[in-house]
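Heads up, the thing below is written out as C-alpha cells.
Please read all numbers here as calculations on a predicted model, not as lab measurements. Lettering follows sequence order; numbering is per chain, from 1.
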Protein chains: 2
Amino acid sequence: MMIGEVSDRTGLSVDTLRFYEKIGLIAPPMRNDAGRRVYGNDVLGWVGFLEQLNATGMKQADRILYARLRQQGDSTLRARREMLEAHRAVIREKLHLMQQTMALMDHKVAIYETLEAETETPQI
Amino acid sequence: MMIGEVSDRTGLSVDTLRFYEKIGLIAPPMRNDAGRRVYGNDVLGWVGFLEQLNATGMKQADRILYARLRQQGDSTLRARREMLEAHRAVIREKLHLMQQTMALMDHKVAIYETLEAETETPQI
DNA sequence: GTACAAGCTGGAGTGCACTCCAGCTCAAGC
DNA sequence: GCTTGAGCTGGAGTGCACTCCAGCTTGTAC
C-alpha cells in the first residue's frame with residue numbers, strides 16, 4: 001500500500017502520515033525500488049488506535065512513548081499495560097464530566113424553551 | 001472581588017482572565033477608583049460553565065459567539081438554545097466514542113495481562 | 001515612609017500538532 | 001516523448017489558546 005491509499009483509508013493526510021513517522025508514532029515502512037513508502041495492512045489498525053487515543057485526549061508525547069514501547073517488543077508489556085490503565089482512568093473521569101455536562105445541557109435547553117415560550121408570545 | 005480572588009476560585013490564571021475579557025468571553029467588569037477590575041459573584045458560575053464547554057470540546061470561536069449572544073439578552077434565547085443543542089449532539093457522540101475506547105482499553109489490558117503472565121514465567 | 005504584593009497595559013513569545021511549500025524524481029497513459 | 005499525478009526531502013509557516021514580559025501605579029503591613 002502506497003502512502004496515498006493509507007491516507008484515503010485512515011483519513012489522515014499524506015503530510016500527517018509522514019509527520020507521524022518523523023516523530024516516531026509510525027514505524028518507518030519498507031521502501032520500493034524508487035524509494036517510496038510501502039505500508040503493510042497492520043498500519044491501518046495502528047493508526048486507528050492512535051486516533052482513538054488522540055480523540056480521548058492522550059497527548060502526543062505519551063502516544064510517542066507508547067509507540068516506542070510497542071516497537072521494543074514483549075519486554076515492555078508491563079509498561080504499556082500501565083500506560084493503558086492510566087489512560088483508562090483519565091477516560092473514566094472525562095466520561096463522568098461529559099455526563100454531567102450533558103445533564104446540564106438538558107437542563108439549560110429546558111430553561112431556554114420555557115423562556116422562549118414566555119418571550120415569544122407576550123400578548124396573552 | 002478582585003481578579004486575584006477570581007483566579008483563586010476559578011483556577012484560571014489572572015492572565016487568562018484578562019485574555020478572556022479581551023476576546024469577549026467575559027464581560028468587562030466594573031473598575032474601582034484605582035482602575036482595577038471588580039467582579040461580581042456571577043462571574044464564577046459563568047467561568048465554570050465556560051470551562052465545561054471547553055472540557056467537552058467546544059472551540060473558542062463558538063464559546064465567544066455564545067458569550068456574545070448571552071450579552072445581548074432575551075432576543076438571542078433561541079440562537080443560544082440551538083447552540084446548546086448542537087453541542088449536546090457533539091457531546092453525545094464523544095460519549096459514545098469514549099465508551100468504545102474504554103471497552104477497547106479493558107480488552108487490551110486483559111490481553112496484556114495474559115501475555116505478561118506468559119512471558120514472566122517462561123520456566124514452567 | 002518604605003518595601004512589597006497585587007494590579008494595570010500593550011505587545012511579544014510559547015507549545016502543540018499539524019500543514020504547506022519549493023524543487024526534485026518516478027511511472028503510466030496518450 | 002512528454003504531460004500528469006503521486007511521491008520524495010528539508011524546512012518554513014499556521015492556528016489555537018494561552019502565557020510571559022517590561023515598565024508602570026496602587027494598597028497594605030511593618
Side-chain angles (χ1 to χ4, degrees), chain A residues 1-40 43-44 46-68 87 90 94 97 101, chain B residues 1-40 43-44 46-68 87 90 94 97 101:
Chain A
M1 212 178 345
M2 300 276 104
I3 198 168
E5 190 179 346
V6 178
S7 172
D8 289 345
R9 292 173 69 170
T10 62
L12 294 183
S13 76
V14 167
D15 271 319
T16 300
L17 287 168
R18 285 194 286 242
F19 169 70
Y20 276 12
E21 182 182 329
K22 188 161 71 182
I23 64 174
L25 271 182
I26 297 177
M30 298 293 103
R31 301 289 182 123
N32 66 13
D33 289 356
R36 297 186 181 184
R37 292 168 178 81
V38 179
Y39 294 87
V43 78
L44 301 176
W46 172 237
V47 166
F49 182 53
L50 282 177
E51 280 303 283
Q52 272 185 288
L53 292 180
N54 201 14
T56 51
M58 187 183 279
K59 283 194 295 183
Q60 197 80 294
D62 287 339
R63 287 191 293 156
I64 291 168
L65 176 56
Y66 186 87
R68 195 176 306 147
H87 188 55
V90 170
K94 280 186 201 254
L97 172 66
T101 304
Chain B
M1 210 178 347
M2 299 277 102
I3 199 168
E5 190 178 345
V6 178
S7 172
D8 288 346
R9 291 173 70 172
T10 61
L12 294 184
S13 76
V14 166
D15 271 318
T16 300
L17 289 168
R18 284 193 287 243
F19 169 71
Y20 276 12
E21 182 182 329
K22 188 162 71 183
I23 64 175
L25 271 182
I26 296 176
M30 298 292 104
R31 300 290 183 123
N32 66 13
D33 289 355
R36 296 186 182 184
R37 293 168 179 82
V38 180
Y39 295 87
V43 78
L44 302 176
W46 172 239
V47 167
F49 181 54
L50 282 177
E51 280 304 283
Q52 272 185 289
L53 292 180
N54 201 13
T56 52
M58 187 184 279
K59 282 194 295 182
Q60 198 80 295
D62 288 339
R63 287 191 294 155
I64 290 169
L65 175 57
Y66 185 87
R68 196 177 303 148
H87 187 54
V90 170
K94 280 186 201 251
L97 172 66
T101 304

Let me know the distance between CG of Asp33(A) and P of dA27(C), rounded to the nearest Å. 8 Å

Check the distance between dC16(D)'s P and Phe19(B)'s CZ and give it to me in whole angstrom. 11 Å

Nearest-0.5 Å distance, CD1 of residue Ile23(B) to CD of residue Gln60(B): 4.0 Å

Using whole Å, what does the distance between atom P of nucleotide dC16(C) and atom CG of Leu25(A) come to? 14 Å

Does Arg36(B) have a side-chain nitrogen or oxygen under 4.0 Å from the phosphate oxygens OP1 or OP2 of dT26(D)? no

Closer than 4.0 Å, any side-chain N/O of Tyr20(A) to the OP1 or OP2 of dA17(C)? no

Nearest 0.5 angstrom please: Tyr39(A) OH to Arg9(A) CZ, how far? 13.5 Å

Measuring from the side chain of Val14(B) (C-beta onward, heavy atoms only), which nucleotide among dG7(C), dT9(C), dC8(D) has the closest atom? dG7(C)

Figure out the CE/P separation between Met58(B) and dC16(D), and round it to whole Å. 16 Å

By nearest heavy atom, map Arg18(A) and Gly35(B) onto DNA chain C; which one lands nearer the 5' end? Gly35(B)

Within the pair Arg31(B) and dT26(D), is there a side-chain N or O less than 4.0 Å away from OP1 or OP2? no

Using a cut-off of less than 4.0 Å, is there contact between a side-chain N or O of Arg37(A) and OP1 or OP2 of dC8(D)? yes

Asn32(A) CG to dT25(C) C1', straight-line distance once rounded to whole Å: 12 Å

Please pick, from dC20(D), dA17(C), dT19(C), the nucleotide with the shortest atom-to-atom distance to any side-chain atom of Lys59(A). dA17(C)

Drop me the distance from Arg18(A)'s CZ to Arg37(A)'s CZ, to the nearest 0.5 angstrom. 6.0 Å

If you find the nucleotide of DNA chain C closest to Ala34(A) and the one closest to Lys22(A), which residue's nucleotide is nearer the 5' end? Lys22(A)

Once rounded to the nearest 0.5 Å, what's the spacing between atom OG1 of Thr16(A) and atom CZ of Phe19(A)? 8.0 Å

Is the shortest side-chain N/O distance from Gln60(A) to OP1 or OP2 of dG15(C) below 4.0 Å? no

Look at Ser13(B) and dC18(D) and indicate whether a side-chain polar atom (N or O) is within less than 4.0 Å of OP1 or OP2. no

Quick one: CG on Asn54(B) to CG on Asp62(B), what's the gap to the nearest 0.5 Å? 11.5 Å

Roughly, in whole Å, what's the span from CG in Asn54(B) to C1' in dC16(D)? 11 Å

Value in whole Å for how far the P atom of dT19(C) lies from CG of Leu17(A): 11 Å

Atom CG of Leu12(A) to atom C1' of dT19(C): distance rounded to whole Å? 13 Å

